A.B. asks: 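Pasting in a structure now, in structure tokens, and then I'll have a few things to ask.
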Number of protein chains: 2
Amino acid sequence: MTTPHQSRADRRRATEARILAGARELFAERGFDRTTIRAVATAAGVDPALVMQYFGSKRELFTRAVQAFPAPPAPGGADALVDQLLATLGLKLGGLPEGTLAMMRSMLTDPAAAEQAREALGRQIDGIGAALSAADDPELRAALVITTLLGVTIGHQLLGLPALRDAPADRIAALLRPAVEALTEPGPSCGPRRPTA
Amino acid sequence: MTTPHQSRADRRRATEARILAGARELFAERGFDRTTIRAVATAAGVDPALVMQYFGSKRELFTRAVQAFPAPPAPGGADALVDQLLATLGLKLGGLPEGTLAMMRSMLTDPAAAEQAREALGRQIDGIGAALSAADDPELRAALVITTLLGVTIGHQLLGLPALRDAPADRIAALLRPAVEALTEPGPSCGPRRPTA
DNA sequence: GTCTATAACATGATAGAC
DNA sequence: GTCTATCATGTTATAGAC
């Protein structure tokens, strides 16, 4: 049952990968504080001290295991932007990457995760803000769009609010679309309410 | 400087109040896990064991110190509802009660806090859903409104996103208003995009 | 007797010995 | 790579002060 063609370096890489996978899952489920090195080691089938040997600290393990938020959206028109955002939300309501879940779950209680989240969300906000440069206060609008989607994602994925959990993702996206458009469009978004003045 | 008319029960109440105040502040700043009984005791100027004696457990202390989310909005028309929600948001962006902050900060990592948050948010959603019964999917719409405001509040108060932190509260409310209205109004809210077909 | 402080025990992160 | 030691923490049990 030995694998003679697997070098020591290969085995080390495989062990590292197992540790990272287990850590990602546990960090996503329980957050930074509640995840113990022992639990990660058990999940990976190794000795707890080995985890420390490989990664130096729990914090380093977290950083390595957790991928930052998805990259900012490709620059494009403001119209395509809304479609793109809602599409990623659709994904979010389905299967968000475990690393992103881990980050979101830890960002309110762990200062380092909070800093990473601030930076990642800031990049997204900047990207969206650039696409909204036609409107007034593009950055603020972008921040509101992002935090809105963040709130819905938290309510759905992390808190499991029944009202959201039981709704189909496309229905949520459909209801959210006009709201996001209202945030990205300058001035009073709807004509019918005030007929040109 | 002694207060001869202060009975033992009075002194006990005062000590309890000091402990609760310190706990509320620390829970709001650091969340449940990162707040230690020892730190609470130091903040209140008492012995750590006394805190346990008074409250039995850290969890009980948290429950006693943290007030639930604000009560659901008074039932009213859907129009008044939006005003009311944005008004509370205005408050939220200013000074949210420390207990609410503590709850929000802990709800992603502490299962008990998550359950409390689910219940409190569920009550708010039910209240708003009742006011939206004219529209389709009133509960889902209500949930999206609540999670939207939750996301903005988290981004502003707990994460401190610069784009939100630097914006005046009334400007945020003004930009958010059409978005919330789009969530509460039935049907396609804007004509210009697709002229009836 | 009730309030407060001290000590003891279990678990977790981390560092150094082997 | 594994084992042991150290420190911080939550919690329980115990002893002292009023």
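Residue numbers begin at 1 in each chain, while the letters A, B, ... track the order of the sequences. Every heavy atom of this structure was used, including side-chain atoms; hydrogens, water molecules and symmetry mates were not. Since the model is a prediction, treat every value here as computed from it, not as a measurement.
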A.B. asks: Would you mind listing every salt bridge (charged side-chain N to carboxylate O under 4.0 Å, His left out) that reaches into residues 153-172 of chain B, with sequence neighbours excluded?
C.D. replies: Asp136(A)-Arg171(B), Asp137(A)-Arg171(B)
A.B. asks: Please determine whether a side-chain nitrogen of the Lys or Arg among Arg13(A) and Asp10(A) lies less than 4.0 Å from a carboxylate oxygen of the Asp or Glu.
C.D. replies: yes
A.B. asks: How large an angle, rounded to 10°, do the end axes of the helix from dG1(C)-dC18(D) to dC18(C)-dG1(D) enclose when each is built from five base pairs?
C.D. replies: 30°
A.B. asks: Which pairs, with at least one residue in residues 14-23 of chain B and sequence neighbours excluded, count as a salt bridge (charged side-chain N to carboxylate O under 4.0 Å, His left out)?
C.D. replies: Arg12(B)-Glu16(B), Glu16(B)-Arg64(B)
A.B. asks: Return the orientation label for the Phe62(A) and Phe32(A) ring planes: parallel under 30°, perpendicular over 60°, tilted otherwise.
C.D. replies: perpendicular
A.B. asks: CD of Glu98(A): more than 12 outside heavy atoms within 6.0 angstrom?
C.D. replies: yes
A.B. asks: Run through Arg105(A), Arg34(A), Arg30(A) and flag the one making a salt bridge (Lys or Arg N to Asp or Glu O under 4.0 Å) with Asp33(B).
C.D. replies: Arg34(A)
A.B. asks: According to salt bridge (charged side-chain N to carboxylate O under 4.0 Å, His left out), does anything in residues 41-63 of chain B pair up with another residue at least two apart or in another chain? List the pairs.
C.D. replies: Arg59(B)-Asp110(B)
A.B. asks: Could you tell me the separation between the CZ atom of Phe55(A) and the P atom of dG1(D), rounded to a whole number of Å?
C.D. replies: 13 Å
A.B. asks: Between Asp47(B) (CG) and dA17(D) (P), how many Å, whole number?
C.D. replies: 14 Å
A.B. asks: Can you check nucleotides 10-15 of chain C for protein contacts, nitrogen or oxygen pairs under 3.5 Å, and list what you find?
C.D. replies:
unit_1, atom_1, unit_2, atom_2, d
dA13(C), OP1, Thr35(A), O, 3.4
dA13(C), OP1, Ile37(A), N, 3.1
dA13(C), OP2, Ile37(A), N, 3.1
dT14(C), OP2, Lys58(A), N, 3.2

A.B. asks: Using the side chain to side chain contact (heavy atoms under 4.5 Å, CB included) criterion, which residues pair with Ala130(B)? Sequence neighbours excluded.
C.D. replies: none
A.B. asks: According to a strict under-4.0 Å criterion, is Tyr54(B) in side-chain N/O contact with OP1 or OP2 of dC3(C)?
C.D. replies: no
A.B. asks: Given atom CZ of Arg18(B) and atom C1' of dT4(C), what is their separation to the nearest angstrom?
C.D. replies: 13 Å
A.B. asks: Consider the side chain of Gln53(A), meaning its heavy atoms from C-beta on, and name the nucleotide among dT4(C), dC3(C), dT2(D) that approaches it most closely.
C.D. replies: dT2(D)
A.B. asks: Rounded to whole angstrom units, what separation is found between the CZ atom of Arg34(A) and the C1' atom of dT9(D)?
C.D. replies: 14 Å
